[in-house]
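Numbered from 1 within each chain, the chains take letters A, B, ... in sequence-line order.
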Number of protein chains: 2
Amino acid sequence: MTITLSIPDTDAENLPLEEQAYRRLRQALVEGVFAPGEKLSIRRIAEALGTSPMPARTALRRLATEQALDALPSGTVLVPRLTRAAFQEVSAIRAELEPLAIRLAASRVEAGTLDALAAVVAEQDAARAAGRPELCLQKDREFLFGLYRRAGAPMLLGMIEALWLRRGPLFWGARWIVMGSPPEAAHRHGAILAALRRGAGEEAALELKTEIERMTAFLSGALQFQGDAAIPRPTRARG
Amino acid sequence: MTITLSIPDTDAENLPLEEQAYRRLRQALVEGVFAPGEKLSIRRIAEALGTSPMPARTALRRLATEQALDALPSGTVLVPRLTRAAFQEVSAIRAELEPLAIRLAASRVEAGTLDALAAVVAEQDAARAAGRPELCLQKDREFLFGLYRRAGAPMLLGMIEALWLRRGPLFWGARWIVMGSPPEAAHRHGAILAALRRGAGEEAALELKTEIERMTAFLSGALQFQGDAAIPRPTRARG
DNA sequence: GGCCAGGCTTTGTGATCACATTTTTACGGC
DNA sequence: GCCGTAAAAATGTGATCACAAAGCCTGGCC
């Protein structure tokens with residue numbers, strides 16, 4: 001039973017192997033590459049990465065530390081199965097931190113950046129219209145994090161990333177689900193940009209908070225949480 | 001130059017060495033045992049802990065991952081020197097997350113817990129009156145985290161802990177500083193408890209937010225930030 | 001006296017090994 | 001056929017070693 005680790009390459013070639021492993025796993029996690037509940041063993045990841053077990057071990061421990069992975073008492077780490085409560089907790093935190101990031105970014109963002117972000121929104125709409133959910137999700141990340149980066153708050157950025165990391169596995173095999181989201185839940189990015197152009201950071205923040213809350217409500221209903229611990233409907237079994 | 005690592009012992013005896021190392025370092029960090037800017041080398045920490053470098057290495061990497069420690073490009077980790085901007089960033093995040101924890105706790109906390117917490121507040125007041133700043137800080141933590149734990153939100157709790165971890169080194173050699181805090185900045189714990197007894201979670205949250213903001217304003221003035229990167233006034237040099 | 005070059009020390013990284021524990025697998029009994 | 005037990009495979013942990021890079025100190029040169 002070999003797993004297909006289609007972990008995207010990171011550009012940095014001269015970084016420590018451990019750091020590369022960490023980033024690749026991280027990226028794979030937000031993209032929902034791993035199935036929730038999947039066990040990630042040190043030696044297996046190491047083999048998939050083509051290194052000795054050491055870098056894999058460190059990377060997995062780091063991920064477990066930021067709760068992007070669950071750790072069994074035995075030390076084995078696995079992709080978390082988000083419970084409904086955990087999903088709502090992540091959402092509640094996002095609804096506080098991400099608007100904060102917007103407020104901080106509001107006073108620093110320049111018109112040029114806003115133009116670039118408007119282009120990303122257009123690309124997302126196009127992806128949605130073209131029925132390409134994974135591209136749609138990617139553009140969504142690109143837009144929001146493009147904004148968050150402008151907040152000039154590295155710790156806040158790291159914490160938001162950690163939240164997305166935790167939420168990532170939810171989209172495993174269920175990336176399609178964003179396509180069904182109601183128009184009033186998405187499509188608020190334009191409103192955020194408009195508010196920022198007016199210099200109304202508070203309004204932009206509120207706009208985002210509303211978006212997060214609506215998306216949370218939608219996903220809470222759309223995702224299948226099995227019993228107390230679980231997951232979206234997989235489209236197919238893993239090979 | 002040997003450092004005196006008065007790292008407090010953790011009860012758990014049968015935990016992995018790495019976990020023990022992690023917890024001890026973490027505890028030392030929130031308590032402000034380490035001087036900001038102090039370099040923490042793997043081998044030195046390992047020696048102080050009485051283990052091989054391996055557990056120390058993992059623990060330090062984990063701490064660096066949650067930004068409780070800074071990592072130089074060379075890989076060396078050191079206790080962060082909080083800039084004024086970083087301090088205010090931590091405070092801004094706290095002002096969002098900790099009130100959220102209070103709101104969540106409000107609907108779950110029982111009268112018995114509130115009574116126990118009232119006792120802690122009394123102990124803190126006594127410590128303040130007795131001129132024991134470190135005990136005062138300890139009771140402060142005990143009160144707030146006792147409340148946060150009742151929120152039933154493990155991720156949120158972990159993130160708040162991470163924030164305190166980052167703020168810890170600020171109090172190195174400056175624990176006395178809490179003694180000078182103005183009455184209107186502290187002493188709000190009683191008001192928080194009162195609001196919770198009334199079932200007014202929102203009020204309690206607002207009360208805490210105000211406390212954090214006032215304390216931040218006070219500390220921003222009271223702490224000496226050297227240039228762009230730095231610290232409180234140390235009371236004495238390290239031996 | 002200040003500055004730079006040299007070598008020495010210390011540091012982090014990564015591999016390999018040994019060991020105890022957990023988890024899986026297979027077999028035998030009920 | 002099902003379940004419990006024992007053997008076997010796999011797993012995490014921690015120690016030790018080798019190596020390269022970074023840091024540091026010293027000595028010599030301008």
Side-chain angles (χ1 to χ4, degrees), chain A residues 1-3 5 7 9-10 12-26 34-35 37-81 238, chain B residues 1-3 5 7 10 12-26 34-35 37-81 229 238:
Chain A
M1 169 165 77
T2 56
I3 53 163
L5 258 197
I7 301 178
D9 279 325
T10 315
E13 286 291 330
N14 45 6
L15 258 57
L17 291 179
E18 169 226 317
E19 185 65 27
Q20 292 183 41
Y22 173 72
R23 295 191 183 184
R24 290 172 71 174
L25 289 173
R26 197 177 222 263
F34 296 120
E38 185 174 344
K39 273 194 282 201
L40 266 34
S41 94
I42 294 177
R43 287 171 172 85
R44 213 154 41 98
I45 296 293
E47 192 182 4
L49 260 43
T51 70
S52 92
M54 185 64 67
R57 187 212 295 208
T58 312
L60 289 175
R61 275 270 147 270
R62 287 173 67 183
L63 258 352
T65 299
E66 42 186 351
Q67 301 186 47
L69 294 175
D70 279 350
L72 263 41
S74 73
T76 307
V77 300
L78 41 79
V79 181
R81 308 184 107 93
R238 255 180 111 70
Chain B
M1 173 169 75
T2 57
I3 53 163
L5 256 198
I7 301 179
T10 314
E13 285 292 330
N14 45 6
L15 257 58
L17 291 181
E18 169 227 318
E19 186 65 26
Q20 292 182 42
Y22 173 70
R23 294 191 184 185
R24 290 172 72 176
L25 289 173
R26 201 179 154 100
F34 295 120
E38 186 173 343
K39 272 193 282 199
L40 268 35
S41 93
I42 294 177
R43 288 171 172 86
R44 214 155 40 97
I45 296 293
E47 192 181 3
L49 260 43
T51 70
S52 90
M54 186 64 68
R57 186 209 298 206
T58 313
L60 288 176
R61 275 269 148 271
R62 284 173 67 182
L63 259 351
T65 298
E66 41 186 351
Q67 300 188 47
L69 293 175
D70 277 351
L72 264 40
S74 72
T76 307
V77 300
L78 41 81
V79 181
R81 309 183 106 94
R238 256 179 109 73

Which listed nucleotide (dA15(D), dG14(C), dA15(C)) is nearest to the side chain of Ser52(B)? dA15(D)

Using whole Å, report how far CG of Leu15(B) lies from P of dT21(C). 14 Å

Is it true that Arg62(B) and Glu66(B) make a salt bridge, defined as a side-chain N closer than 4.0 Å to a carboxylate O? no

I want to check one thing: is the phosphate of dA10(D), taken as OP1 and OP2, less than 4.0 Å away from some side-chain N or O of Arg44(A)? no

Is any side-chain N or O of Lys39(A) closer than 4.0 Å to OP1 or OP2 of dT24(C)? yes

Using the closest heavy atom to pick a nucleotide of DNA chain C for each, name whichever of Arg43(A) or Val77(B) lands nearer the 5' end. Val77(B)

Charged N to carboxylate O below 4.0 Å: is that the case for Arg57(B) and Glu18(A)? no

Where the side chain of Pro53(A) is concerned, which of dT16(C), dG14(C), dT16(D) is the nearest nucleotide? dT16(C)

Just to confirm, is there a sub-4.0 Å distance from OP1 or OP2 of dT11(C) to any side-chain nitrogen or oxygen of Ser41(B)? yes

Of Met54(A) and Thr76(A), the one whose closest DNA chain D nucleotide lies more 5': Thr76(A)

Figure out the CG/P separation between Leu69(B) and dT11(C), and round it to whole Å. 16 Å

dT11(D) phosphate, OP1 or OP2: any side-chain N/O from Arg57(A) under 4.0 angstrom? no

Salt bridge present between Glu47(A) and Arg43(A) (N-O < 4.0 angstrom): no

Any side-chain heavy-atom pair from Leu40(A) and Leu69(A) closer than 4.5 angstrom? yes

Could you state the CD1-C1' distance from Ile42(B) to dG14(D), rounded to the nearest angstrom? 14 Å

